[in-house]
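Structure first, commentary second.
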Amino acid sequence: MLLALEERLRQAVVEFAARHWQVELANVAIEQPPRPELGDLALPFCFELARRLRRAPRALAQEFAASFPLPEGFARVEAAGSGYLNFFVRRSQVFAALAGQRRDPGLQPRLGGKAIVEHTNINPNKAAHIGHLRNAALGDTFVRLLRYRGENVEVQNYIDNTGVQVADVAAAFEHVLHQDAAALRAEIAGWEEKRQRLEREGAISAPPQNLPLAAGVTRAAYSFDYRCWDLYAQISRHYEEQPDALAWRGAALAAIEHGGNETAALAEAVADAIVTCHLRTMRRLNVAYDLLPRESEILRLHFWDAAFERLKRSGAIRRETAGKNAGCWVMDLGTAGPEEGEGEDSKVIVRSNGTVTYVGKDIAYQLWKLGKLGRDFHYRRWSSAPGAPWVTDTEGAADAPSFGGARWVFNVIDARQAYLQDIVAAGLRALGEQEAAEHSVHFSYEMVALSPRCAEQLGLSLSPEARQRAHVEVSGRKGFGIKADDLMDQLIQSAGREVQARHPERDEAAQLALAEPIAIGALRYFLLKFTKNALIAFDLDEALSFEGETGPYVQYAAVRAGNILRKGGEEGAAAEQPLAGAAAPDDWEHYLEPNELWELVQLAARLESVAEQAIVTTEPAYLAKYAFQLAQAFNNFYHRTPVLAEADAGRRAFLLRLVAVTRQRLAAALDLLGIAVPEAM
RNA sequence: GCGCCUGUAGCUCAGAAGGAUAGAGCAGCGGUUUCCUAAACCGUUGGUCGGGGGUUCGAUUCCCUCCAGGCGCACCA
């Protein structure tokens, strides 16, 4: 609701300034006064105006306050401090809008077309780990934010099924385990059979159910991705000890790229099976996808050829004839000044042996995402499961929807790849696709490392120097890290113990139904509460905490609000019904006079503003912070304001409304974070 | 060497396009339960915002410089 008021105010201020002072105001900033009694919205533009008009900011503010016609929805404006303008909104009007569950009209799609958000993108050769979870949580939350705003969003999870990491595992099956593709497929079928048997026995659960494993069951016993986790570490070790064996990798890569051979079949079997595991893992975290674009189709459908032609034709790349890159097609980056003089600032796109680098493939893929390639994939469903994503293919299903061709692309990729992402954008610009380049957003985030204490808990022995450092990097290659599923298992177990202590009367299944959303809520919140470019030094004890600034804290506030409404019986239920009509009852303005209550309403009303801010800055952490603040304000209210014991019926109804509104907004904020509200806590 | 990021309380982090007394969580200390369940609440200790310059009426925020840390700069992805 406040978002629409902000927009309206901004516009009115710009018009007024033009009329009254003949000045054009760009970007009218709207802030929050430090204390709620000072007002609801603070505008500091008089300070800027003071410079331009060469007048005192305070005098300008007073002049403005005296003659500015207040837009609809505002009660008054005050000049404050040394030149602030503090606006007070009509409290009951804001509250009525919330109680009417009316969508904030300020929340509008602004991208002007379809958006693709690409995230997760895990190499399909081993189990997902904690770092992958951060990527998925960020991407998925951003998707939810965009959809909340009404944007048309397509979620893609890119599968590099022909890359080095898959090649390594394929080579391990081939050269270390001496398995052929038929044997591997049989093995994978065996894993799947075992999983299904355990599911039937109730020893494990199928997502989206998230039950703990039965006693004596380990994931390693039935998970192919766990098996590959170890195998990948094993062959990486082998390469280190016997560097000659690296020839396997090169041969495997070439064979996979060429296709139609035993190694390619091995790689395909590995990648497909692991993708299935990853989808399952992400499903536990409430993450889903529309499309899985695969590198194999980018190769088979010759996406690169189309991009290559364009790049050559436009002169974006050129064939190097001399120097260390002789025989390669390179792209000049032109970022360095001429003083370097060496002409060294170029990037290899096609190697001298004719194969394409990652950047080259990514330019082609990025062009496709933005509808600029002139080629398309075919599609089929990944599986027959309901809600299964689509996957690219060389031949298509008849009922396949269309994908790609977006106006905006957000690539959730870690900060270490910033340089490469810049090159991809430079490639688009070199092709004359200025707008495509500007609409290709690198949604950059820092990695997740482990705190030294956590690393030692996992059995890594650290040198004294390493122990002094802030963090220890995880390594898939070394098989060192926390697997995503293990972490979720631990969290569910830990939440289960808490639930059991609080709800001993419930049976085990009912307890688990509560523990699951709490555990996942704790995890997602933990991954989202840090701003993107803060490196997370993951600490198990901290992540397992359910108190303080955590997901469960927010969930608990929502549950408490629900408890009041439930115990309020019919009155409580009535408060949850959308308020009929636009007008607020007369006494509401009176009830909202105490700032403690208004503070809660005002905060609840800010959800859309915060969501908008989170989108504009691509910073989901703002939303997480907000959810926590709202929960905090509610807990505060909960303690000092008895609701059901309120004797005055009118005020009681009002307070119940307030509880209902807060609960609804807490749930909405949590939903945007991908977190569910448990029935009880 | 070049580029990007980071440096705020004991620890982990917020401080949105400069602005009103720099905030939270954890940890510490001291309180609050015949209740709308304490996964909560209240109080309290704790800061030269890495150092130094500059721009500005005003700088944690912008610019320069130095210091410290991280990450990038392949015919790997």
Side-chain angles (χ1 to χ4, degrees), chain A residues 26-27 29 31 33-35 38 42 44 47-48 50-51 56-57 80-84 86 123 160 163-165 249 253 295 320 324-330 335-336 340 345 347-355 357-359 361-362 414-420 422 444 446-447 449 451 469-471 473 495 498-499 501-503 518 522 529-531 533-537 539 541-542 545-550 552-553 555-557 559-568 572 610 613-614 616-617 619 621-622 625 628-629 631-632 635-636 638-645 659 680-681:
Chain A
N27 303 330
E31 303 171 354
R35 291 184 308 283
L38 289 176
F47 294 104
E48 185 206 330
R51 203 170 333 202
S82 50
Y84 274 98
N86 290 339
N123 273 306
D160 182 6
V164 179
Q165 296 212 15
R249 173 188 286 171
L253 264 176
E295 185 158 273
E320 192 77 86
K324 66 181 166 107
N325 291 337
C328 300
W329 286 88
V330 302
T335 44
E340 280 302 313
D345 215 11
K347 179 79 192 166
V348 172
I349 302 297
V350 180
R351 303 182 188 99
S352 54
N353 68 3
T355 56
T357 63
Y358 159 78
V359 176
K361 282 183 275 196
D362 212 30
D414 84 79
R416 287 173 293 191
Q417 299 204 41
Y419 173 65
L420 293 171
D422 285 348
S444 167
E446 265 295 347
M447 61 179 181
S451 72
R469 302 182 75 175
H471 55 84
E473 204 172 332
E498 300 289 330
V499 170
R502 290 170 173 79
H503 301 280
I518 293 170
K529 74 172 176 178
F530 302 96
T531 47
N533 49 10
L535 188 150
I536 298 181
D539 189 272
D541 296 340
E542 203 188 322
S545 162
F546 299 140
E547 290 167 20
E549 195 188 337
T550 65
Y553 177 94
Q555 290 171 317
Y556 187 55
V559 166
R560 284 178 134 182
N563 288 346
I564 296 178
L565 296 168
R566 185 163 33 77
K567 295 206 173 175
V610 173
Q613 193 63 36
V616 168
T617 55
E619 191 61 270
Y622 287 149
K625 286 275 177 217
F628 174 67
Q629 283 170 3
Q632 219 173 17
N635 274 330
N636 194 295
Y638 180 92
H639 256 266
R640 66 171 87 170
T641 317
V643 175
L644 298 177
V659 171
M681 280 181 81

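Throughout, protein chains are lettered first and strands after them, A, B, ... in sequence-line order, and every chain is numbered starting at 1.
Side-chain atoms of A:R566 and A:N563 form a donor-acceptor pair, as typed in the model, at a separation below 3.5 Å. Neither side chain, A:E547 nor A:Y556, offers a donor N or O lying under 3.5 Å from an acceptor on the other.
Heavy atoms of A:I518 sit under 4.0 angstrom from at least one base atom. Using a 4.0 Å heavy-atom cutoff across all strands shown, A:A326 reaches at least one base atom of the nucleic acid. A:N563 comes within contact range of at least one nucleobase, with a heavy-atom separation under 4.0 Å. As judged by a 4.0 angstrom heavy-atom cut-off over every strand, A:A42 is placed among the base-contacting residues. Residue-level contact check: A:Y419 touches the backbone only, with heavy atoms under 4.0 Å from sugar-phosphate atoms and none from bases. Among the heavy atoms of the strands, none lies under 4.0 Å from A:P57. Across all strands shown, A:V348 has heavy atoms under 4.0 Å from sugar-phosphate atoms exclusively, and none from any base. Within the 4.0 angstrom heavy-atom criterion, no nucleotide atom of any strand lies near A:D539. Among the atoms of the strands shown, base atoms are found under 4.0 Å from some heavy atom of A:S352. Among the protein residues, A:N86 comes within range of the nucleic acid bases, having at least one heavy atom under 4.0 Å from a base atom. Contact annotation for A:L535: backbone-only contact, meaning every heavy-atom pair under 4.0 Å involves sugar-phosphate atoms and none involves a base. Counting non-hydrogen atoms under 4.0 angstrom, A:V499 reaches a base of the nucleic acid.
The salt bridge (Lys or Arg N to Asp or Glu O under 4.0 Å) check on A:E549 picks up A:K625, with sequence neighbours excluded. Residues forming a side-chain hydrogen bond (donor to acceptor under 3.5 Å, both in side chains) with A:Y84 (at least two apart in sequence, or on another chain): none. When the side-chain hydrogen bond (donor to acceptor under 3.5 Å, both in side chains) test is applied to A:Q629, no partner is found at least two apart in sequence or on another chain. With sequence neighbours excluded, no residue satisfies ring pair (Phe, Tyr, Trp, His ring centres under 6.0 Å) with A:Y638.
Summarising the geometry, atom OG belonging to A:S352 is positioned 11.5 Å from atom CD belonging to A:E320; distances are rounded to the nearest 0.5 Å.
Note: CD (A:E48) to P (B:G18) measures 10 Å, nearest angstrom. The separation between A:E549 atom CD and B:C11 atom C1' is 14 Å, rounded to whole Å. If you take CZ of A:R249 and P of B:C75, they are 16 Å apart, rounded to a whole angstrom. Taking atom CD of residue A:E446 and atom P of nucleotide B:G69, one finds them 17 Å apart after rounding to whole Å. The nearest whole Å value for the distance from the NZ atom in A:K529 to the P atom in B:G25 is 11 Å. If you take CZ of A:F530 and C1' of B:C26, they are 11 Å apart, rounded to a whole angstrom. Residue A:K347 contributes atom NZ, which lies 7 Å from atom P of B:C73 at whole-angstrom precision. For the pair A:D541 CG and B:C11 C1', the interatomic distance rounds to 13 Å; values are reported in whole Å.
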With Watson-Crick and G-U wobble geometry limited to distances under 3.5 Å, how should the secondary structure of RNA chain B be encoded in dot-bracket form, using | for bases paired to another strand and [ ] for crossing pairs? (((((((..((((.....[...)))).(((((.......))))).....(((((..]....))))))))))))....
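Annotation: B:C11 and B:A27 have their C1' atoms spaced 7 Å apart (nearest Å). A distance of about 31 Å separates the C1' atoms of B:U32 and B:G15, rounded to the whole Å. Here the separation of B:G7 from B:C13, taken at their P atoms, is 10 Å to the nearest Å. Nucleotides B:U6 and B:G43 place their P atoms 34 Å apart, quoted to the nearest Å.
Between B:C36, B:C5, B:A16, one nucleotide has an atom nearer to the side chain of A:Y622 than all others, and that is B:A16. Picking from B:A20, B:C71, B:C13 the nucleotide with the shortest atom distance to the side chain of A:K625 gives B:C13. Distances from the side chain of A:E31 to the nucleotides B:G19, B:C13, B:C5 place B:G19 closest. Closest to the A:K567 side chain, of the nucleotides B:A39, B:C36, B:A20, is B:C36. The listed nucleotides are B:A77, B:C71, B:C75; the one nearest the side chain of A:V164 is B:A77. With B:G70, B:C13, B:C73 as the choices, the nucleotide that has an atom nearest any side-chain atom of A:A534 turns out to be B:C13. In this structure, of B:G25, B:G19, B:A39, it is B:G25 that holds the atom nearest to the side chain of A:F628. In the set B:G25, B:U21, B:C75, the nucleotide with an atom closest to the side chain of A:N325 is B:C75. With B:C13, B:G58, B:G72 as the candidates, the nucleotide lying closest to the side chain of A:R51 is B:G58.
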Distances for protein N/O vs nucleotides 40-43 of chain B N/O pairs under 3.5 angstrom?
residue: B:A40; atom: OP1; partner: A:G548; partner atom: N; Å: 3.2
residue: B:A40; atom: O3'; partner: A:N635; partner atom: ND2; Å: 3.4
residue: B:A40; atom: O2'; partner: A:R560; partner atom: NH1; Å: 2.7
residue: B:C41; atom: OP1; partner: A:Y553; partner atom: OH; Å: 2.3
residue: B:C41; atom: O4'; partner: A:H639; partner atom: NE2; Å: 3.2
residue: B:C42; atom: OP1; partner: A:N636; partner atom: ND2; Å: 2.7

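Proximity of A:Y358 to the phosphate of B:C75: no side-chain N or O atom is located under 4.0 Å from OP1 or OP2.
A donor-acceptor distance shorter than 3.5 angstrom exists from the side chain of A:N86 to the backbone of A:L38, with no hydrogens or angles considered.
Nearer the 5' end of RNA chain B, as judged by each residue's closest nucleotide, is the contact made by A:S545, out of A:S545 and A:T355.
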